[in-house]
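Let me begin by presenting the structure, written as structure tokens, before commenting on it.
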Amino acid sequence: MSLPREQLLRAYRQMKTIREFEERVHAEIMNGQIAGFTHLYTGQEANAVGVCEQLDTADTIISTHRGHGHCIAKGADVIGMMKELFGSSEGLCKGKGGSMHVADMEKGILGANGIVAGGPPISVGAALAAKIRKNGRVAVSFSGDGSVNQGTCFEAMNMAVVLKVPAIFVIENNYYSEHTNISYAVGCDDLKARTEGFGFPVFVANGADFFSVYEAAGKAIEHARAGNGPAGVFAETGRFHGHFVGDPQHYRAKGELEDLRQNSCCLKNFRARMAETGELDAAELDVIDAEVMALIEQSVAAAKAAPRPTAEQVTRDVYINYAGA
Amino acid sequence: MSLPREQLLRAYRQMKTIREFEERVHAEIMNGQIAGFTHLYTGQEANAVGVCEQLDTADTIISTHRGHGHCIAKGADVIGMMKELFGSSEGLCKGKGGSMHVADMEKGILGANGIVAGGPPISVGAALAAKIRKNGRVAVSFSGDGSVNQGTCFEAMNMAVVLKVPAIFVIENNYYSEHTNISYAVGCDDLKARTEGFGFPVFVANGADFFSVYEAAGKAIEHARAGNGPAGVFAETGRFHGHFVGDPQHYRAKGELEDLRQNSCCLKNFRARMAETGELDAAELDVIDAEVMALIEQSVAAAKAAPRPTAEQVTRDVYINYAGA
Amino acid sequence: MPQKTMRDAINEALHQAMSEDDSVFVIGEDVAGCQGSPSGKVGEVGGVFGVTAGLYKAFGPDRCIDTPISESAIVGAAAGAALVGMRPVAEIMFADFVGVCMDQLVNQMGKFRYMFGGKSTCPAVIRFACGGGFSAAAQHSQSMYQVMTAFPGLKVVIPSNAYDAKGLLLQAIRDDDPVLFFEPKALYQAACEVPDEMYTIPFGQAAFVREGDNVTVVAFGQMVGRAAAAIDALEAEGISCDLIDPRTSSPLDEAAILESLEATGRLVVVDESPPRCGLTADIAGLAASKGFHSLKAPVQQVCAPHSPTPFSPELEAAYLPDVAKITAAIRATLA
Amino acid sequence: MPQKTMRDAINEALHQAMSEDDSVFVIGEDVAGCQGSPSGKVGEVGGVFGVTAGLYKAFGPDRCIDTPISESAIVGAAAGAALVGMRPVAEIMFADFVGVCMDQLVNQMGKFRYMFGGKSTCPAVIRFACGGGFSAAAQHSQSMYQVMTAFPGLKVVIPSNAYDAKGLLLQAIRDDDPVLFFEPKALYQAACEVPDEMYTIPFGQAAFVREGDNVTVVAFGQMVGRAAAAIDALEAEGISCDLIDPRTSSPLDEAAILESLEATGRLVVVDESPPRCGLTADIAGLAASKGFHSLKAPVQQVCAPHSPTPFSPELEAAYLPDVAKITAAIRATLA
Ligand SMILES: Cc1ncc(C[n+]2csc(CCOP(=O)(O)OP(=O)(O)O)c2C)c(N)n1
Ligand SMILES: Cc1ncc(C[n+]2csc(CCOP(=O)(O)OP(=O)(O)O)c2C)c(N)n1
Ligand SMILES: [Mg+2]
Ligand SMILES: [Mg+2]
């Protein structure tokens, strides 16, 4: 499969942006600059980008607690996101959401979500709206290997088939739910088959390879857009950090992380393929790297300089305030 | 398969008892003698009896809103049950539970349940206790073709596999959940396969044939007792009444009910087989019929004569009463 | 003016809202009915309480949508559709079933607007049949609206009559916040005058069902009628009461209650839910904090005891507040 | 006496209860940790807050059980095991997640005893980490105990210090009713003197954290410490307060509150949950109904506003009740 230059450049830029955003967020958390619970997407970038590169702005996604990558891939403003993580009133959610609730309705981002498997039922609703409106949109929900065991995820999958809506269930198997391996938490031997048992096709991808995800997601999106009901993408991937920042990662095998960073890096893989096919040359990608680093630097500077929210904002964005109770 | 005379007689008596219990309850509801929401099991008797005949008292079952049959099959006192349905303080639950909450811990009956798929997670807990205690018990949960779409049911199935507990999931497919056909509510084409996808064997049965259910349930129980984890029974069956008493049953095909009562009656089928094999002769079964009719008659008489609960009982069986609030 | 039952008034509101605005649709279990059934009579049911009758025939399969028994997916579907501009009205058969879709209600739908910095709207309505009176026992008789009132971001509506039900539902459908609409199932058959045309009743505006001088009585849903009966009977003794039906437990019309209390100095609060962290305590607390200087006597809370709902008709009758208990409470505030 | 954090006190209680009674086991997400992982270090985690540390190594896989992310199945498993005689202690990581297991908590576990005519016991304990203070935002900061207090059949415990946490948890495990045990996560590191031996604290018995004459302050969980700080600072001005920590929101020690109120005539209630149908309103309502004749001033409710919990540290600080707000409320009751 080969893509137009512009798209290749854009895909790489998106993955690199997510990578550097997350690495910088990690550093800023270590510096005590970012509060709250933050889950980093480093290592899984190709999944978000491979899917979202094929979505229109009007298509929707809904994400998880590990949402930065999905949001950036779907077009969220990086500076607005960084401001949000820093808790500024200029953040995407005015500092009220934070890492687990980054959202942007204009970009079709129905939000990161702090509740495991909170998203799939909502995505079915967005897909139902598309079906009723006959506007050709699709609704993508991202799930992890752990969230697929939550009742709401199963309900959403069956409901999507029953209502024959253009919902796409992307399952990113990074092998762990917090400290538990998928081999324990998913009782059956074949999660893809268990998922297909609900009555829709699931396309498998290598989550470390942008092109593999792009291809699988393409099939799923085509299936859904064509009015054939839901479809799934099942990608094997790995996260390069702990579940949360500070996770001792007792569950890792010796050398597991090094191996992941070495052999399952979507950026390395992308560059290797470009070198091989000659579609892009390294210099072009180096330029993107530099631009991305500058953007991230700029976003952090902006976030640090951004105004802080004030007390009276606490009771805004809600329909009533029972003051003086 | 052939069973000892005693067991054959008992199985027939149990099915007949359920049948007549339900038919009489139907009549008493029509007479306005029984209040509340009542769901009748008529037509599905072979399922409950085929399973429960192979359970010990210490094994547990948990039932559904359509629970009378399961409770009787597991050994609930028919008179205590009738008193409960009539709302007497001498009922199995002192008149506090009613049809949807008949229970008897001593008999291993963890209760009928008014919440669709409320039971399976609880049954996993009873099975977990059996595994921890290593006492060889199994825990059976009954589900309908509609309840299998509830998230709690999926969670319970996966959890049972993960914990490898002796939980048995009996799915009675009577083709309808209230007014909706399984062909609509279950998105996939093969519910048995979807269920097996969770990682345990499911044995198929004809729910109108006691022997078929007995055989399938036997395999499931053996599998679970042997420490191989959960197993399932999938039975095709039919209810002879509406979802609830008074249901206009718009969803039925013309002649569907007549056909069910004619060709899917477990009592008829049982008698036919006995006539064929000569294991029991009709006269013996007629005697049982008469005894059952007498028992049901007695239970209704007792229920009508039984004491009514009094106001002060409202605040009993709960740990505190914030009186005079 | 024509008499209509609460069931018919709600049904009419749904028909009118769906005709007016094609972004409105209904979704739930058997809201159409007979899907996939051999009879082919799809749409014959219209909900187990008949509230959505005729909508399938009038608006077709895309706007009257049956679902599997998956309440989390039903509420989620409504929430998601609303986030992208639809105005879904979902039916959850019994209020007790909030238990199986609580997260979608309180952590998702109810929090979007705030979590997302006020940049989203979620104009979804979730309808529930609530309350006691049917010997439906512990899992089919709860109010639940008092529990949902605790969650910021959700508006909570409890109509006590057919007229209010129509106007409040039309308001709920046009509202840009998620609204939980609790229909006391004991009142579906209760009729009153209901105009044929569309009208809305604003949220946070209590109704004065009775006006009087001696005692302020606040009651919700099914209890409003019982409170009115108690009050009317006391008229003969020269006891007159304000009867306030808040209609929406949140937003709550605190001003109406406090103004009445200022005039009467005596407060009785009636609700069919248990006492703890419920609406009788909530409004008694309002009086203690914001109406203290008006209070001349202890606030009387008339509610269910701290136990689940019993099945037996005698027990349920003793469990629910009735005219006698309300009457006694009114007398007690005057003692 | 040795100083222990609340985390260690709870952990110690679990070790002791499990040693004493082999029907006690723990179950939840990562309560052991590393199940199925290539490192083979099963048991290394002991819960995301470390509260169940060491239990896997001490009691093995049958009594320290990791689960998939399936809260309904976790609570159901505890409920079912308890119905057949075990004494499970389940961990639900964050109290906010009651949303995904609400039915099993309130319609199942909480109602068995009553629905079954008092013929069953369900001695299960469900532990939750609750409350704000971590910039964890709207879905990871809720109290939820006020909501659960509304459901008859469930006992609700909220320890405010390590000593109480140990004694209350041991009581919860021995209790034959289902108990919801809410651990303010902001207090896990807070230490105080905790005896090594086993002891229990009875439910429904409030603690008098401070004793005084002028004002009765009732506070829950994380707010007890803040209330104590406010009260101690006011001592200098000659203002002395009773500080009552109910420890269990249900059963509630009404007598302790009413007796103190009789002496002081002034009441401040502090909780970190929003105002509607919460514990500040509940106890203000108690005062209005059962303590009216003692009341000399409006009851002050110090609680969060009616909005979800915001993320930004500044916003959360303004959202939660603090010493300044509590101090102002105490002064206000004396004004
Ligand atoms: C309902 C619920 N239960 C538990 C949690 C705590 N939690 C947050 S992330 C997580 C693991 C999710 O694993 P997975 O779905 O594989 O996603 P990943 O973290 O690997 O991206 C858990 C248990 C939660 N947020 N919500
Ligand atoms: C959580 C929940 N949702 C909906 C209902 C209402 N309800 C009661 S029985 C039923 C249909 C169940 O169908 P099935 O599982 O096939 O059992 P059957 O009635 O056929 O025995 C429904 C929707 C309920 N009791 N609980
Ligand atoms: Mg994972
Ligand atoms: Mg069925």
Side-chain angles (χ1 to χ4, degrees), chain A residues 58 60 62 84 89 91-98 100-106 108 110-111 113-115 117-134 137 139 141 151-152 154-160 162-163 165 167 313 316-322 324-325, chain C residues 22-23 25 27 35-36 62-63 65-86 88 90 100-101 103-104 107-122 124 152-155 175-177 203-204 250-252 254 285-286 289-290:
Chain A
T60 60
I62 192 159
E84 185 61 29
S89 51
L92 262 188
C93 303
K94 300 189 198 154
K96 287 180 170 174
M100 285 193 285
H101 305 299
V102 174
D104 187 340
M105 299 302 125
E106 253 108 77
L110 304 189
N113 204 308
I115 302 296
I122 298 161
S123 193
V124 169
L128 177 58
K131 181 193 173 196
I132 294 173
R133 291 298 197 198
K134 302 184 175 52
R137 296 177 189 169
S141 61
T152 51
F154 295 116
E155 287 190 13
M157 294 191 300
N158 181 59
M159 180 85 90
V162 169
L163 302 184
V165 294
Q313 293 173 24
R316 297 209 192 124
D317 304 316
V318 64
Y319 65 84
I320 195 176
N321 159 21
Y322 295 101
Chain C
D22 73 359
S23 64
F25 68 94
I27 183 168
Q35 285 284 12
D62 276 355
R63 297 182 61 197
I65 303 168
D66 279 350
T67 71
I69 307 169
S70 306
E71 281 77 7
S72 288
I74 293 168
V75 175
L83 269 182
V84 297
M86 304 295 286
V100 288
C101 53
D103 182 74
Q104 289 292 323
N107 287 334
Q108 307 297 338
M109 175 183 280
K111 292 183 167 62
F112 290 147
R113 179 179 162 193
Y114 193 83
M115 290 192 300
F116 301 162
K119 297 177 181 175
S120 67
T121 62
C122 189
L154 294 170
K155 292 176 176 172
D175 200 288
D176 279 341
D177 279 312
F203 291 168
S250 191
L252 178 69
E254 295 186 338
L286 171 69
S289 294
K290 299 184 187 176

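In what follows, chains carry the letters A, B, and so on, assigned in the order in which the sequence lines appear, proteins first and then strands, with residues in each chain numbered from 1.
Chosen from C/Pro152, C/Gly153, C/Gly85, the residue pairing most often with chain A at heavy-atom distances under 4.5 Å is C/Gly153. Ranked by heavy-atom pairs under 4.5 Å with chain C, the first of A/Val124, A/Ile62, A/Leu128 is A/Leu128. Listed options C/Ser23, C/Ser250, C/Gly36, C/Gly285 were ranked by heavy-atom pairs under 4.5 angstrom with chain A; first place goes to C/Ser250. Counting heavy-atom pairs closer than 4.5 Å to chain C, the top residue among A/Lys94, A/Glu84, A/Met100, A/Glu106 is A/Lys94. Ranking A/Ile115, A/Asn158, A/Ile320, A/Thr60 against chain C, the residue ahead of the rest is A/Ile115, based on heavy-atom pairs under 4.5 Å. Comparing C/Ala124, C/Cys101, C/Ala73 by how many heavy-atom pairs each has under 4.5 Å with chain A, the most go to C/Ala73.
Interface remark: C/Phe25 contributes side-chain atoms only to the contact with chain A (heavy atom separation under 4.5 Å). Within the 4.5 angstrom heavy-atom criterion, only side-chain atoms of A/Asn113, from C-beta onward, approach chain C. Looking at C/Ile74, both its backbone and its side chain come within 4.5 Å of chain A, counting heavy atoms on both sides. Residue C/Gln35: no heavy atom, backbone or side chain, is found under 4.5 Å from chain A. For A/Ser123, no part lies under 4.5 angstrom from a heavy atom of chain C. If you measure heavy-atom distances from A/Val162 to chain C, the contacts under 4.5 Å come from the side chain alone. Only the side chain of C/Ile65 comes within contact range of chain A, with heavy atoms under 4.5 Å apart. For C/Lys111, no part lies under 4.5 angstrom from a heavy atom of chain A. Looking at A/Leu110, the atoms closer than 4.5 Å to chain C (heavy atoms on both sides) sit in the backbone and in the side chain alike.
Rounding to the nearest 0.5 Å places CE of C/Met115 at 8.5 Å from SG of A/Cys93. With rounding to the nearest 0.5 angstrom, the CD atom of A/Glu155 is 4.5 Å from the OG atom of C/Ser72. From A/Ile122, atom CD1 reaches atom CD of C/Gln108 across 4.0 Å, with rounding to the nearest 0.5 Å. Atom CG of C/Leu154 and atom CG of C/Asp177 lie 9.0 Å apart (nearest 0.5 Å). With rounding to the nearest 0.5 Å, the separation of CG in C/Leu252 from OH in A/Tyr322 is 5.5 Å. To the nearest 0.5 Å, atoms CG (A/Leu92) and CE (A/Met105) are separated by 10.0 Å.
With sequence neighbours left out, A/Arg133 forms a salt bridge (Lys or Arg N to Asp or Glu O under 4.0 Å) with C/Asp22. Evaluation of the ring pair (Phe, Tyr, Trp, His ring centres under 6.0 Å) rule for C/Phe112 yields C/Phe116 as partners, not counting sequence neighbours.
Listed here is the closest heavy atom pair of A/Ala129 and C/Met86: CB-CG, 3.6 Å. Nearest heavy atom pair, residue A/Ala126 against residue A/Ala139, reads CB-CB, 3.8 Å.
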